[in-house]
Amino acid sequence: MRRHLILTFIVIALAARVSAQDRLDRDKLLFFTDSAGKVQPVKTVADWEKRRASIRETMQTIMGPMPGKDKRCPLDVKIEEEVDCGKYVRRLISYQSEPGMRTPAYLLIPKMPDSKRKYPAILSLHPTNAKGFRVTVGLADTMNREYGVELAERGYVVIATPYPQLSDYNPDLKKLGYQSGTMKAIWDNSRALDLLDTLPYVKKGQYAAIGHSLGGHNSVYTAAFDPRIKIAVSCCGLDSYRDYMGGKIKGWTSDRYMPKLLEYQDKLDQVPFDFGEILGVIAPRHVLVVAPKKDDNFRWPAPPRLSRARRRV
(Lines give C-alpha, C1' and ligand atoms only; values in the text may rest on other atoms or scores of the structure.)
Protein backbone atom coordinates (compact mmCIF):
# COMPACT_ATOMS: atom_id res chain seq x y z
CA MET A 1 0.00 0.00 0.00
CA ARG A 2 2.80 2.37 0.94
CA ARG A 3 4.67 1.57 -2.26
CA HIS A 4 1.50 2.20 -4.26
CA LEU A 5 1.09 5.66 -2.66
CA ILE A 6 4.70 6.55 -3.37
CA LEU A 7 4.29 5.58 -7.03
CA THR A 8 1.08 7.61 -7.21
CA PHE A 9 2.85 10.68 -5.82
CA ILE A 10 5.68 10.24 -8.35
CA VAL A 11 3.20 10.02 -11.25
CA ILE A 12 1.39 13.17 -10.03
CA ALA A 13 4.69 15.04 -9.67
CA LEU A 14 5.83 14.02 -13.15
CA ALA A 15 2.48 15.02 -14.64
CA ALA A 16 2.71 18.42 -12.96
CA ARG A 17 6.24 18.84 -14.27
CA VAL A 18 5.20 17.96 -17.84
CA SER A 19 2.22 20.31 -17.54
CA ALA A 20 4.50 23.13 -16.40
CA GLN A 21 6.89 22.44 -19.27
CA ASP A 22 4.07 22.42 -21.83
CA ARG A 23 2.44 25.62 -20.64
CA LEU A 24 3.13 28.63 -22.86
CA ASP A 25 5.02 31.40 -21.05
CA ARG A 26 3.32 34.79 -21.48
CA ASP A 27 6.70 36.57 -21.43
CA LYS A 28 8.38 34.25 -23.97
CA LEU A 29 6.47 34.65 -27.19
CA LEU A 30 8.64 32.65 -29.57
CA PHE A 31 7.10 29.33 -28.57
CA PHE A 32 3.91 27.64 -29.72
CA THR A 33 1.90 24.49 -29.01
CA ASP A 34 2.04 21.87 -31.78
CA SER A 35 -0.75 19.50 -32.84
CA ALA A 36 0.35 17.01 -30.18
CA GLY A 37 0.03 19.62 -27.45
CA LYS A 38 3.78 20.00 -26.99
CA VAL A 39 5.50 23.37 -26.64
CA GLN A 40 7.92 23.99 -29.50
CA PRO A 41 10.21 26.92 -30.36
CA VAL A 42 9.07 29.23 -33.16
CA LYS A 43 11.37 28.71 -36.13
CA THR A 44 9.27 30.02 -39.00
CA VAL A 45 6.63 32.65 -39.67
CA ALA A 46 4.10 29.81 -39.95
CA ASP A 47 5.03 28.71 -36.41
CA TRP A 48 4.51 32.24 -35.14
CA GLU A 49 1.10 32.46 -36.81
CA LYS A 50 0.03 29.47 -34.69
CA ARG A 51 1.03 31.31 -31.51
CA ARG A 52 -0.58 34.53 -32.74
CA ALA A 53 -3.85 32.69 -33.44
CA SER A 54 -3.79 31.06 -30.01
CA ILE A 55 -3.32 34.45 -28.30
CA ARG A 56 -6.31 35.92 -30.16
CA GLU A 57 -8.40 32.87 -29.25
CA THR A 58 -7.42 33.22 -25.59
CA MET A 59 -8.26 36.93 -25.59
CA GLN A 60 -11.74 36.02 -26.81
CA THR A 61 -12.27 33.59 -23.94
CA ILE A 62 -12.25 36.68 -21.68
CA MET A 63 -13.50 39.43 -24.01
CA GLY A 64 -16.06 37.30 -25.82
CA PRO A 65 -15.99 36.44 -29.53
CA MET A 66 -15.17 39.00 -32.17
CA PRO A 67 -18.34 39.51 -34.26
CA GLY A 68 -18.39 38.14 -37.77
CA LYS A 69 -19.86 39.04 -41.14
CA ASP A 70 -23.43 38.79 -39.83
CA LYS A 71 -22.89 42.07 -37.93
CA ARG A 72 -21.08 43.87 -40.76
CA CYS A 73 -24.26 45.46 -42.14
CA PRO A 74 -24.48 48.58 -44.38
CA LEU A 75 -23.07 51.58 -42.51
CA ASP A 76 -25.89 53.98 -43.44
CA VAL A 77 -23.80 57.03 -42.45
CA LYS A 78 -25.77 60.12 -41.41
CA ILE A 79 -24.39 63.63 -40.85
CA GLU A 80 -26.04 65.10 -37.75
CA GLU A 81 -24.06 68.37 -37.53
CA GLU A 82 -21.26 70.19 -39.35
CA VAL A 83 -19.05 72.94 -37.91
CA ASP A 84 -16.30 74.96 -39.63
CA CYS A 85 -13.32 74.91 -37.24
CA GLY A 86 -10.88 76.93 -39.32
CA LYS A 87 -8.29 74.46 -40.56
CA TYR A 88 -10.75 71.58 -40.62
CA VAL A 89 -14.44 70.74 -40.65
CA ARG A 90 -15.95 68.81 -37.70
CA ARG A 91 -18.89 66.56 -38.45
CA LEU A 92 -21.01 64.76 -35.88
CA ILE A 93 -22.09 61.60 -37.66
CA SER A 94 -23.69 58.28 -36.82
CA TYR A 95 -23.26 54.90 -38.48
CA GLN A 96 -24.87 51.50 -38.17
CA SER A 97 -22.23 49.50 -36.31
CA GLU A 98 -24.41 46.37 -36.37
CA PRO A 99 -28.04 45.53 -37.17
CA GLY A 100 -30.37 47.66 -35.05
CA MET A 101 -27.52 49.65 -33.45
CA ARG A 102 -26.30 53.11 -34.41
CA THR A 103 -23.02 54.50 -33.07
CA PRO A 104 -22.12 58.21 -33.04
CA ALA A 105 -18.70 59.54 -33.99
CA TYR A 106 -16.92 62.77 -34.81
CA LEU A 107 -15.23 63.06 -38.18
CA LEU A 108 -12.60 65.80 -38.55
CA ILE A 109 -11.74 66.60 -42.16
CA PRO A 110 -8.83 68.93 -43.01
CA LYS A 111 -9.65 71.64 -45.53
CA MET A 112 -8.15 70.28 -48.70
CA PRO A 113 -6.31 72.52 -51.16
CA ASP A 114 -5.82 69.54 -53.47
CA SER A 115 -9.07 67.66 -54.11
CA LYS A 116 -7.20 64.75 -55.73
CA ARG A 117 -5.02 64.06 -52.70
CA LYS A 118 -5.58 61.05 -50.44
CA TYR A 119 -5.12 61.86 -46.75
CA PRO A 120 -3.89 59.57 -43.95
CA ALA A 121 -6.54 58.78 -41.33
CA ILE A 122 -6.44 58.12 -37.60
CA LEU A 123 -8.78 56.56 -35.06
CA SER A 124 -8.81 58.91 -32.05
CA LEU A 125 -9.86 57.10 -28.84
CA HIS A 126 -10.77 58.99 -25.69
CA PRO A 127 -9.75 58.47 -22.03
CA THR A 128 -12.20 57.73 -19.20
CA ASN A 129 -14.19 60.94 -18.99
CA ALA A 130 -17.84 61.91 -18.65
CA LYS A 131 -17.60 63.81 -21.95
CA GLY A 132 -16.58 60.64 -23.77
CA PHE A 133 -15.68 61.02 -27.44
CA ARG A 134 -16.06 64.81 -27.23
CA VAL A 135 -12.74 64.99 -25.34
CA THR A 136 -10.30 64.39 -28.19
CA VAL A 137 -12.11 66.72 -30.60
CA GLY A 138 -11.92 69.74 -28.29
CA LEU A 139 -15.46 69.74 -26.89
CA ALA A 140 -14.48 69.17 -23.25
CA ASP A 141 -12.46 71.16 -20.74
CA THR A 142 -9.53 68.72 -20.69
CA MET A 143 -6.04 70.12 -21.12
CA ASN A 144 -3.73 68.12 -23.41
CA ARG A 145 -6.42 65.64 -24.43
CA GLU A 146 -7.41 67.25 -27.76
CA TYR A 147 -5.11 65.08 -29.84
CA GLY A 148 -7.85 64.61 -32.44
CA VAL A 149 -7.85 68.36 -33.05
CA GLU A 150 -4.03 68.51 -33.22
CA LEU A 151 -3.95 65.70 -35.78
CA ALA A 152 -6.67 67.25 -37.94
CA GLU A 153 -4.77 70.54 -37.95
CA ARG A 154 -1.71 68.65 -39.16
CA GLY A 155 -3.61 67.24 -42.13
CA TYR A 156 -4.96 63.91 -40.89
CA VAL A 157 -8.56 62.78 -41.28
CA VAL A 158 -9.67 61.86 -37.76
CA ILE A 159 -12.54 59.69 -36.62
CA ALA A 160 -13.34 59.77 -32.88
CA THR A 161 -15.59 57.03 -31.51
CA PRO A 162 -17.26 56.68 -28.08
CA TYR A 163 -16.53 53.92 -25.58
CA PRO A 164 -19.55 51.85 -24.45
CA GLN A 165 -21.27 52.93 -21.23
CA LEU A 166 -19.47 56.26 -21.03
CA SER A 167 -21.04 59.66 -21.60
CA ASP A 168 -24.38 59.21 -23.35
CA TYR A 169 -23.41 56.10 -25.35
CA ASN A 170 -25.05 53.17 -23.57
CA PRO A 171 -25.56 50.12 -25.80
CA ASP A 172 -27.23 47.14 -24.11
CA LEU A 173 -24.23 44.82 -24.20
CA LYS A 174 -26.06 41.64 -23.15
CA LYS A 175 -28.96 42.20 -25.52
CA LEU A 176 -26.48 42.73 -28.37
CA GLY A 177 -24.67 39.50 -27.42
CA TYR A 178 -21.43 40.90 -25.98
CA GLN A 179 -19.58 39.43 -23.01
CA SER A 180 -17.61 42.64 -22.47
CA GLY A 181 -17.63 46.33 -23.26
CA THR A 182 -14.07 45.79 -24.47
CA MET A 183 -15.21 43.68 -27.42
CA LYS A 184 -18.07 46.06 -28.27
CA ALA A 185 -15.52 48.90 -28.40
CA ILE A 186 -13.23 46.85 -30.65
CA TRP A 187 -16.15 46.14 -33.00
CA ASP A 188 -17.31 49.78 -33.09
CA ASN A 189 -13.75 50.85 -33.87
CA SER A 190 -13.40 48.28 -36.62
CA ARG A 191 -16.64 49.53 -38.15
CA ALA A 192 -15.27 53.08 -37.96
CA LEU A 193 -12.36 51.85 -40.10
CA ASP A 194 -14.92 50.40 -42.53
CA LEU A 195 -16.36 53.91 -42.71
CA LEU A 196 -12.93 55.42 -43.44
CA ASP A 197 -12.55 52.86 -46.22
CA THR A 198 -15.57 54.43 -47.96
CA LEU A 199 -14.23 58.01 -47.99
CA PRO A 200 -12.76 59.02 -51.37
CA TYR A 201 -10.24 61.43 -49.83
CA VAL A 202 -8.71 58.87 -47.42
CA LYS A 203 -5.76 56.52 -47.93
CA LYS A 204 -7.58 53.21 -47.50
CA GLY A 205 -6.52 50.25 -45.41
CA GLN A 206 -3.59 51.89 -43.60
CA TYR A 207 -4.65 53.64 -40.42
CA ALA A 208 -3.34 54.63 -37.03
CA ALA A 209 -5.04 54.43 -33.63
CA ILE A 210 -4.13 56.74 -30.77
CA GLY A 211 -5.43 57.08 -27.24
CA HIS A 212 -4.74 58.11 -23.67
CA SER A 213 -5.51 55.85 -20.68
CA LEU A 214 -8.72 53.99 -21.64
CA GLY A 215 -8.08 55.10 -25.21
CA GLY A 216 -4.53 53.77 -24.96
CA HIS A 217 -5.47 50.16 -24.29
CA ASN A 218 -8.49 50.49 -26.58
CA SER A 219 -6.11 51.34 -29.44
CA VAL A 220 -3.93 48.31 -28.70
CA TYR A 221 -6.89 45.93 -28.37
CA THR A 222 -8.34 47.14 -31.67
CA ALA A 223 -5.01 46.80 -33.47
CA ALA A 224 -4.74 43.20 -32.26
CA PHE A 225 -7.97 42.32 -34.10
CA ASP A 226 -7.87 44.66 -37.10
CA PRO A 227 -4.75 44.54 -39.31
CA ARG A 228 -5.68 47.81 -41.03
CA ILE A 229 -4.22 49.60 -38.01
CA LYS A 230 -0.55 49.93 -38.93
CA ILE A 231 0.43 52.17 -35.99
CA ALA A 232 -0.97 52.03 -32.44
CA VAL A 233 -0.15 54.66 -29.83
CA SER A 234 -0.92 54.11 -26.15
CA CYS A 235 -0.23 56.85 -23.60
CA CYS A 236 -0.70 55.88 -19.92
CA GLY A 237 -2.77 52.99 -21.25
CA LEU A 238 -1.35 49.71 -20.04
CA ASP A 239 0.89 47.71 -17.78
CA SER A 240 0.59 44.00 -16.93
CA TYR A 241 -2.67 42.60 -15.58
CA ARG A 242 -0.47 40.87 -13.00
CA ASP A 243 0.95 44.22 -11.84
CA TYR A 244 -2.13 46.42 -12.14
CA MET A 245 -2.77 48.49 -8.99
CA GLY A 246 -0.60 46.19 -6.90
CA GLY A 247 -2.64 43.12 -7.81
CA LYS A 248 -6.10 44.66 -7.41
CA ILE A 249 -7.49 43.68 -10.78
CA LYS A 250 -11.10 44.60 -9.99
CA GLY A 251 -10.81 47.84 -11.98
CA TRP A 252 -10.67 45.73 -15.15
CA THR A 253 -13.80 43.72 -14.35
CA SER A 254 -16.85 46.00 -14.69
CA ASP A 255 -19.37 45.31 -17.47
CA ARG A 256 -17.82 47.97 -19.67
CA TYR A 257 -14.44 46.21 -19.47
CA MET A 258 -14.00 42.44 -19.00
CA PRO A 259 -16.19 40.92 -16.25
CA LYS A 260 -14.66 37.45 -16.68
CA LEU A 261 -11.31 38.72 -15.40
CA LEU A 262 -12.89 38.80 -11.94
CA GLU A 263 -12.46 35.02 -11.85
CA TYR A 264 -8.70 35.63 -11.60
CA GLN A 265 -8.64 38.27 -8.87
CA ASP A 266 -6.92 35.88 -6.42
CA LYS A 267 -4.77 34.08 -8.99
CA LEU A 268 -3.26 36.72 -11.25
CA ASP A 269 -0.53 34.34 -12.38
CA GLN A 270 -3.28 32.40 -14.16
CA VAL A 271 -4.75 35.29 -16.18
CA PRO A 272 -4.71 33.59 -19.61
CA PHE A 273 -3.09 36.43 -21.60
CA ASP A 274 -1.28 39.70 -20.98
CA PHE A 275 -0.30 42.86 -22.80
CA GLY A 276 3.07 41.50 -23.91
CA GLU A 277 1.23 38.87 -25.93
CA ILE A 278 -1.20 41.45 -27.32
CA LEU A 279 1.71 43.64 -28.44
CA GLY A 280 3.25 40.54 -30.01
CA VAL A 281 0.08 39.90 -31.99
CA ILE A 282 0.36 43.40 -33.48
CA ALA A 283 3.99 42.86 -34.62
CA PRO A 284 5.55 43.71 -37.01
CA ARG A 285 3.26 46.76 -37.15
CA HIS A 286 4.41 49.78 -35.15
CA VAL A 287 3.45 50.41 -31.52
CA LEU A 288 4.43 53.35 -29.30
CA VAL A 289 3.83 52.82 -25.58
CA VAL A 290 4.25 55.94 -23.42
CA ALA A 291 4.57 54.97 -19.75
CA PRO A 292 5.31 57.89 -17.38
CA LYS A 293 6.95 57.06 -14.05
CA LYS A 294 4.39 59.08 -12.07
CA ASP A 295 1.24 57.55 -13.57
CA ASP A 296 -0.86 56.56 -10.55
CA ASN A 297 -2.86 53.95 -12.49
CA PHE A 298 -0.66 51.97 -14.88
CA ARG A 299 2.79 51.31 -13.43
CA TRP A 300 5.78 52.11 -15.63
CA PRO A 301 8.12 49.11 -14.97
CA ALA A 302 5.87 46.62 -16.82
CA PRO A 303 5.78 48.19 -20.33
CA PRO A 304 9.55 47.87 -20.95
CA ARG A 305 9.35 44.19 -20.03
CA LEU A 306 6.32 43.67 -22.27
CA SER A 307 8.00 45.55 -25.10
CA ARG A 308 11.12 43.39 -24.89
CA ALA A 309 8.98 40.28 -25.44
CA ARG A 310 7.36 41.92 -28.48
CA ARG A 311 10.70 43.03 -29.98
CA ARG A 312 11.82 39.40 -30.16
CA VAL A 313 8.83 38.71 -32.42
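In this chain, numbering begins with 1 at the start of the sequence shown.
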Partners passing side-chain contact (heavy atoms from CB on, under 4.5 Å) against [X] (at least two apart in sequence or in another chain):
| X | answer |
| --- | --- |
| Gln265 | Ile249, Leu262 |
| Pro74 | none |
| Pro259 | Ser180, Asp255 |

Give the minimum heavy-atom separation between [X] and [Y], together with the two atoms involved.
| X | Y | answer |
| --- | --- | --- |
| Arg52 | Gly280 | NH1-O, 4.4 Å |
| Gly276 | Leu29 | O-CD1, 3.5 Å |
| Pro65 | Gln179 | CD-NE2, 3.8 Å |
| Pro104 | Pro162 | O-CD, 3.0 Å |
| Ala302 | Ser240 | CB-N, 3.6 Å |
| Asp197 | Tyr207 | OD1-OH, 2.5 Å |

Shared ILVMFWY cluster between [X] and [Y], side chains joined below 4.5 angstrom?
| X | Y | value |
| --- | --- | --- |
| Val271 | Met183 | yes |
| Trp48 | Phe225 | yes |
| Leu195 | Tyr119 | yes |
| Phe273 | Val220 | yes |
| Leu268 | Leu261 | yes |

Tabulate below the donor-acceptor pairs under 3.5 Å that side-chain atoms of residues 55-62 make, not counting sequence neighbours, or state none.
from, atom 1, to, atom 2, distance (Å)
Arg56, NE, Ala224, O, 2.8
Arg56, NH2, Ala224, O, 3.3
Thr58, OG1, Ser54, O, 2.8
Gln60, OE1, Met66, N, 2.9
Gln60, NE2, Arg56, O, 3.2
Thr61, OG1, Thr58, O, 2.5

Would you call [X] and [Y] a side-chain contact if the rule is heavy atoms closer than 4.5 Å?
| X | Y | value |
| --- | --- | --- |
| Lys184 | Leu176 | yes |
| His126 | Ser167 | no |
| Thr33 | Lys50 | no |
| Phe275 | Tyr221 | yes |
| Pro164 | Tyr169 | yes |
| Tyr201 | Ile109 | yes |
| Pro67 | Glu98 | no |
| Arg310 | Val287 | yes |

All salt bridge (charged side-chain N to carboxylate O under 4.0 Å, His left out) counterparts of [X], not counting sequence neighbours:
| X | result |
| --- | --- |
| Arg311 | none |
| Asp295 | none |
| Asp76 | Arg102 |
| Asp266 | none |

Pairs meeting criterion salt bridge (charged side-chain N to carboxylate O under 4.0 Å, His left out) with involvement of residues 268-283, two or more places apart: Arg51-Glu277, Arg242-Asp274
Here the salt bridge (charged side-chain N to carboxylate O under 4.0 Å, His left out) pairs for residues 129-157, sequence neighbours left out, are Arg134-Asp168
Nearest-0.5 Å distance, [atom1] of residue [X] to [atom2] of residue [Y]:
| X | Y | atom1 | atom2 | value |
| --- | --- | --- | --- | --- |
| Asn297 | Leu214 | CG | CG | 10.5 Å |
| Ile79 | Glu81 | CD1 | CD | 11.5 Å |
| Glu82 | Leu107 | CD | CG | 9.5 Å |
| Lys260 | Met63 | NZ | CE | 12.5 Å |
| Gln96 | Cys73 | CD | SG | 4.0 Å |
| Arg285 | Leu279 | CZ | CG | 11.0 Å |

Can you check side chain to side chain contact (heavy atoms under 4.5 Å, CB included) on Ile93 and Glu80, steps first, answer last? CA-CA 5 Å; Ile93 64 171; Glu80 313 290 349; 5.7 Å; no
Would you please test Tyr264 and Tyr241 for ring pair (Phe, Tyr, Trp, His ring centres under 6.0 Å) and show each step? CA-CA 10 Å; Tyr264 298 91; Tyr241 299 123; 10.0 Å; no
Do side-chain atoms of [X] reach the backbone of [Y] as a donor and acceptor pair under 3.5 angstrom?
| X | Y | value |
| --- | --- | --- |
| Asp239 | Arg299 | yes |
| Asp226 | Thr222 | no |
| His217 | Gly237 | yes |
| Lys230 | Pro227 | yes |

Got a sec, which hydrophobics cluster with Tyr106, joining ILVMFWY side chains under 4.5 Å apart, including via others? Tyr88, Leu92, Leu108, Ile122, Phe133, Val137, Leu139, Tyr147, Val149, Leu151, Tyr156, Val158, Ile210, Ile231, Val233, Leu288, Val290
Please check if any side-chain donor atom of [X] sits under 3.5 Å from a side-chain acceptor atom of [Y], or the reverse.
| X | Y | answer |
| --- | --- | --- |
| Arg72 | Ser190 | yes |
| Tyr163 | Asn189 | no |
| Asp188 | Thr161 | no |

Can you tell me how the ring of Phe298 sits relative to the ring of Trp252, calling it parallel under 30°, perpendicular over 60° and tilted otherwise? tilted
Under the rule for side chain to side chain donor-acceptor pair (under 3.5 Å), what residues qualify as partners of Gln206, not counting sequence neighbours? none
Is it true that atom NZ of Lys28 has more than 12 heavy atoms of other residues, nucleotides or ligands lying nearer than 6.0 Å? no
Would you find more than 12 non-hydrogen atoms of other residues, nucleotides or ligands less than 6.0 Å from Lys204 atom NZ? yes
Evaluate Asp84 against Arg90 for salt bridge (Lys or Arg N to Asp or Glu O under 4.0 Å), listing each step before the verdict. CA-CA 6 Å; Asp84 187 330; Arg90 184 184 69 231; over 6 Å; no
